[in-house]
Amino acid sequence: MEFQGSWTVHPKFGRQFKATKAVEKKPATTAALEKYLGSGLIKGVGPKTAKKIVKHFGGETLEVFENEIEKLTEIRGIAQKKLTTIKEAWIEHRAIRKVMMFLQSHGISTLFAVRIYKEYGDEAIDYVNEDPYRLAQDFYGIGFFSADKIAISIGLEKNSPQRIRAGINHVLAASREFGHCYLTESQILAQVNELLDLKLDDRMADYLDQMKRDGLVMVREHGHIKGVTESCYYSKSLYFDELYVAKRISNTKNLLIVDKERVEDWINRYCETKNFSLSDEQADAAKGIVCEMFSVLTGGPGCGKTTTTLVIVKLLEAMKRKVLLAAPTGRAAQRMMDVIGNESKTIHRLLEWQIGQFKKNEENPLDVDFIIIDECSMLDISLTASLLKAIPPKSQILFIGDADQLPSVGAGNVLRDIITSGAVRCFELKKVFRQARESLIIRYAHQINNGDMPYIDSPFKKPEIWEQKSDCLFMDSDEATNEQLNFIARVKRFYASQTAEQTNAAEPDSNLYEFRINEPVVPYETELTIPKKFQHVNLEKVSKAAGSVDELLSVMKKVHPWSSLHYGLSAFDVVRKLYLEWVPKYFGENTEIQVLSPMIRGSLGTASLNKMIQESANPAKTGKGQLSVGERIFRIGDRVIHRRNNYDLNVFNGDIGTIRKIDAQELTLSVAFFPDGRIVEYTRDAIPELDLAYAITIHKSQGSEFEAVIIPVLTQHFKMLFRNLIYTGLTRAKKLAVLVGTRKALAMSVNNQDTSQRQTLLKELIQ
């Protein structure tokens, strides 16, 4: 590529080149030609074949591809069949190139060009010109902002009705990410104004009314306690899903006739035979649930939900009822199967997705007398609606879950809304069993859930707790905040400039120059202003600090006595050591370790940690298959997570597996997914739906259990530090949970209840 433009200086990032024109150039050298042809763009031409072609045709290579492609059969190894593959790929590549250059000229990544071309064909440019916002709807990974950039770039007016309608649709769709089923007019107005940089105050009602008339949005009037009625705006699908779930639950009539004495007698005999006993809570739940058409079983870890479920299933089988078990994730389904012994499926597999919809529905319901769904805190309103449509009205339903865990990733707060509606019987287990109480993970989880700060031992204080196999540890550590990093950089630059002046340096280095571009050089006392919180700092110590840990120590006021910083390890270093050395050493080489971070961004966010662990645990080496997708690199052996529901591949948001095979020439890879080892083949189009999974967010871990979890807890995550987040993360661990960070950040989490209310009307509709 040849770029034309100008150099600029960004106030934060320094010197940058801003291109105003981009021109594609043909590769000028044989090496460049080989790289171009063998880059994976052309199916059937890998690096070896590319080398042969360029060696044979030299500088005429591209001319051969353009006008005399049949000549490729002169190359040994290219027969007619392979020529056909290469020819088709070259024609497609040429068309894609046009789309790529068009998209690039309007500021969108070339990563999506192949997918856009495959979906839209030769009409791609026309379709995008006609309605650029369709890209955000049709392609995972292209969001509203990218589509809007194109819209403005091709000449759409900022206040055009098409753009405003697209903005309204976007804010309604985006509200699902915050768990909302609806938004009010004032919320839509504020968000659309900010999104589109407009002031639509007097026109928003007109747009919403028109979209309502066109059937693009749905409205539900909600009367508040104060007597004010508010209009709640829904996307169409969520409106009807919420209505269906509410009707189904509120219309449930208990017409069951069950011999309760006989049930009680059977439970007593079964427990006696199996040599265990149920608590009064558990026994009451088991007896009550089999008598209800719709019921909920809830409780925290160690309270016996699984044992109670086992007894219920065996009782129902004795009553000759056909029972089905399901859960939102594969791991949760597997756990049910391991404990109860009966087959358990994910909800998606139970409902049989086929050609764009679930095969099981109201017209083709499940054959079941009693269905049990575990981990129901994960159920969003849409999946719940699909599930209930597939369950016959005569069937009994049991939802099991812990309402104190994080709510679903999707819209709604189904389990909590059902419980608080009071419309169905809820059986809550509160007693923690003695065996469970011996687990520090369970003990601390209950303390956190009750708002009490747990005291968790540190191996830096008591190294022996590694050998004692304690199941919950706290590694005191820290990472520099952005504020600290900026201050350290300023101090170092100041001292560097002083040294340069003293040695009469003719020219400061380029970094200093960029930093000072808009800052006049001023005397020491006024140039380096020391903020109040850094007044305790010895500036000379900062200037001489070598390495990130030394730098952090030089600006900290207090350092915890058991901090890893005393051993030259930052929190980032501790996570690496835990993953690669300490956990395998004390808990076994084959222990499954999962890092659970509150956030994606930041030095201890999933993006940064995944790169670090991949490079440390699975580095590149000769002969190991590797693929690059945008900024992501995938290698054979990498732990990966699927990031969205893909019904065609039958893999779902949050499924985790390991890459088994990579074909860099065909741009395909295969993943073996946990827990059953099912192999899924990924083509080029589907690969962007994968991400590395050495570290995942706590939200993505819902419904799963891992042998060992590492949870970074630092104040850099302050936006996400809520009680239910840490509670959920901690309860994902089976054998070991290690928190890495500061006790101050943990205390923030424990004392910080998530008060943000999800906007749903399910409870009110049920009532």
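Fair warning: this is a prediction, and the values are worked out from it, not measured in the lab. Sequence positions, counted from 1, serve as the residue numbers for this chain.
Side-chain contact, Gln282 with Thr308: a donor N or O sits under 3.5 Å from an acceptor N or O. When only modelled atom types and interatomic distance are considered, Asp573 and Ser570 share a side-chain donor-acceptor pair under 3.5 Å. The closest side-chain donor-acceptor pair between Asn724 and Asp754, if any, does not fall under 3.5 angstrom. Judged purely by distance below 3.5 Å, without hydrogens or angles, the side chains of Thr742 and Asp478 never pair a donor atom with an acceptor atom. No side-chain donor from either of Asp676 and Gln334 sits under 3.5 Å from a side-chain acceptor of the other. Looking only at atom types and distance, the side chain of Gln702 has no donor-acceptor partner in the side chain of Arg732 under 3.5 Å away. Side-chain contact annotation: Ser603 with Gln716, donor-acceptor N/O pair under 3.5 Å present.
In this structure, the ring of Tyr567 has its center less than 6.0 angstrom from the ring center of Phe460.
Side-chain contact check for Glu592 versus Phe674: some heavy-atom pair is nearer than 4.5 Å. The shortest distance between side-chain heavy atoms of Glu581 and Tyr586 does not fall below 4.5 Å. The side-chain heavy atoms of Asp404 and Tyr727, taken from C-beta on, include a pair separated by under 4.5 Å. Residues Ile441 and Leu730 form a side-chain contact, since some pair of their non-hydrogen atoms from C-beta on lies under 4.5 Å apart. Looking at Leu473 and Trp582, their side chains never come closer than 4.5 Å, going by heavy atoms from C-beta outward. Put simply, the side chain of Leu604 reaches to within 4.5 Å of the side chain of Val575, judged on heavy atoms. No side-chain heavy atom of Leu569 sits under 4.5 Å from any side-chain heavy atom of Val549. Counting only heavy atoms from C-beta outward, the side chains of Ile400 and Ile372 approach each other to under 4.5 Å.
Expressed to the nearest 0.5 Å, how far CZ of Arg331 lies from CG of Asp338 amounts to 11.5 Å. Annotation: the span from Gln614 atom CD to Tyr694 atom OH amounts to 5.5 Å, rounded to 0.5 Å. The CG atom of Asp655 lies 10.0 Å from the NZ atom of Lys700; values are rounded to the nearest 0.5 Å. Within the model, atoms CD of Gln405 and OG of Ser701 stand 8.5 Å from one another, a figure rounded to the nearest 0.5 Å. Distance check: Trp353 CH2 to Asn645 CG gives 9.0 Å after rounding to the nearest 0.5 Å. A distance of 7.5 Å separates CD of Gln594 from CD1 of Ile641, quoted to the nearest 0.5 Å.
The side chain to side chain donor-acceptor pair (under 3.5 Å) check on Asn342 picks up Lys314, Glu317, with sequence neighbours excluded. For Asp380, there are no side chain to side chain donor-acceptor pair (under 3.5 Å) partners two or more places apart in sequence or in a different chain.
Nearest approach of Ser279 to Lys431, heavy atoms of both residues: CB-CD, 4.3 Å. Taking each heavy atom of Ile347 and Ile373 in turn, the nearest pair found is CD1-CG2, 3.9 Å. Contact record, Pro598 with Met720: O-CG, 3.8 Å, taken as the closest heavy-atom pair. Closest of all the heavy-atom pairs between Pro619 and Ala617 is CD-C, 3.6 Å. Closest of all the heavy-atom pairs between Asn618 and Gly637 is ND2-C, 3.6 Å. Cys303 and Val432 make their closest contact through SG-CG2, 4.0 Å (heavy atoms, listed as atom of the first residue, atom of the second, distance).
Checked by atom type and distance alone, the side chain of Thr606 never pairs as donor or acceptor with a backbone atom of Ile696 at under 3.5 Å. Between the side chain of His560 and the backbone N or O of Leu565 there is no donor-acceptor pair closer than 3.5 Å. No donor-acceptor distance shorter than 3.5 angstrom exists from the side chain of Asn413 to the backbone of Pro407, with no hydrogens or angles considered. Formation of a donor-acceptor pair under 3.5 Å by the Asn752 side chain with backbone atoms of Leu721 is found in this model. With hydrogens and angles disregarded, no donor-acceptor distance shorter than 3.5 Å links the side chain of His348 to the backbone of Pro328. A donor-acceptor pair is defined here as one N or O able to donate and one able to accept, closer than 3.5 Å; no such pair exists between the side chain of Ser470 and the backbone of Trp466. Here the side chain of Thr329 pairs a donor or acceptor atom with the backbone of Gly703 at under 3.5 angstrom. With hydrogens and angles ignored, the 3.5 Å screen pairs a side-chain donor or acceptor of Arg639 with a backbone N or O of Ala693. A donor-acceptor contact shorter than 3.5 Å links the side chain of Arg643 to the backbone of Pro688. In this structure, Asn486 contributes its side chain and Asn482 its backbone to a donor-acceptor pair below 3.5 Å.
Residue Arg601 qualifies as open at atom CZ: its count of foreign heavy atoms under 6.0 Å is 12 or below. In this structure, Ile600 places its CD1 atom where only 12 or fewer heavy-atom neighbours from other residues, nucleotides or ligands lie under 6.0 Å away. Counting non-hydrogen atoms of other residues, nucleotides and ligands closer than 6.0 Å to NZ of Lys734 gives a total above 12. Enclosure of atom NZ in Lys469 by more than 12 non-hydrogen atoms of other residues, nucleotides or ligands within 6.0 angstrom is indicated. The local environment of CZ in Phe178 is sparse, with at most 12 non-hydrogen atoms from other residues, nucleotides or ligands closer than 6.0 Å. More than 12 heavy atoms of other residues, nucleotides or ligands shown are found within 6.0 angstrom of NZ on Lys461.
A tilted orientation is assigned to the rings of Tyr682 and Phe673, their planes being inclined by 30° to 60°.
Cation-pi geometry between Lys585 and Phe587 is not satisfied (NZ or CZ under 6.0 Å from the ring centre, within 45° of the ring normal). Relative to the ring axis of Phe474, Arg743 places its NZ or CZ within 45° and under 6.0 Å from the centre.
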Query raised in the report: Could you go step by step and tell me if Met599 and Thr697 meet the side chain to side chain contact (heavy atoms under 4.5 Å, CB included) rule?
Result: CA-CA 6 Å; Met599 295 180 79; Thr697 61; over 6 Å; no
Requested in this report: Evaluate side chain to side chain contact (heavy atoms under 4.5 Å, CB included) for Leu736 paired with Val709, printing each intermediate quantity in order.
Outcome: CA-CA 6 Å; Leu736 173 69; Val709 302; over 6 Å; no
Query - Evaluation steps, side chain to side chain contact (heavy atoms under 4.5 Å, CB included), between Val671 and Arg660 - result: CA-CA 6 Å; Val671 177; Arg660 292 282 183 240; over 6 Å; no
Requested in this report: Apply side chain to side chain contact (heavy atoms under 4.5 Å, CB included) to Val311 and Lys274, showing your working.
Outcome: CA-CA 10 Å; Val311 173; Lys274 298 295 178 184; over 6 Å; no
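Salt bridge present: Arg335 and Glu375 bring a charged side-chain N and a carboxylate O closer than 4.0 Å. Under the 4.0 Å criterion applied to side-chain N and carboxylate O atoms, Arg644 and Glu689 are assigned as salt-bridge partners.
Only one option out of Leu310, Leu429, Thr298 pairs with Lys305 in a side chain to side chain contact (heavy atoms under 4.5 Å, CB included); it is Leu429.
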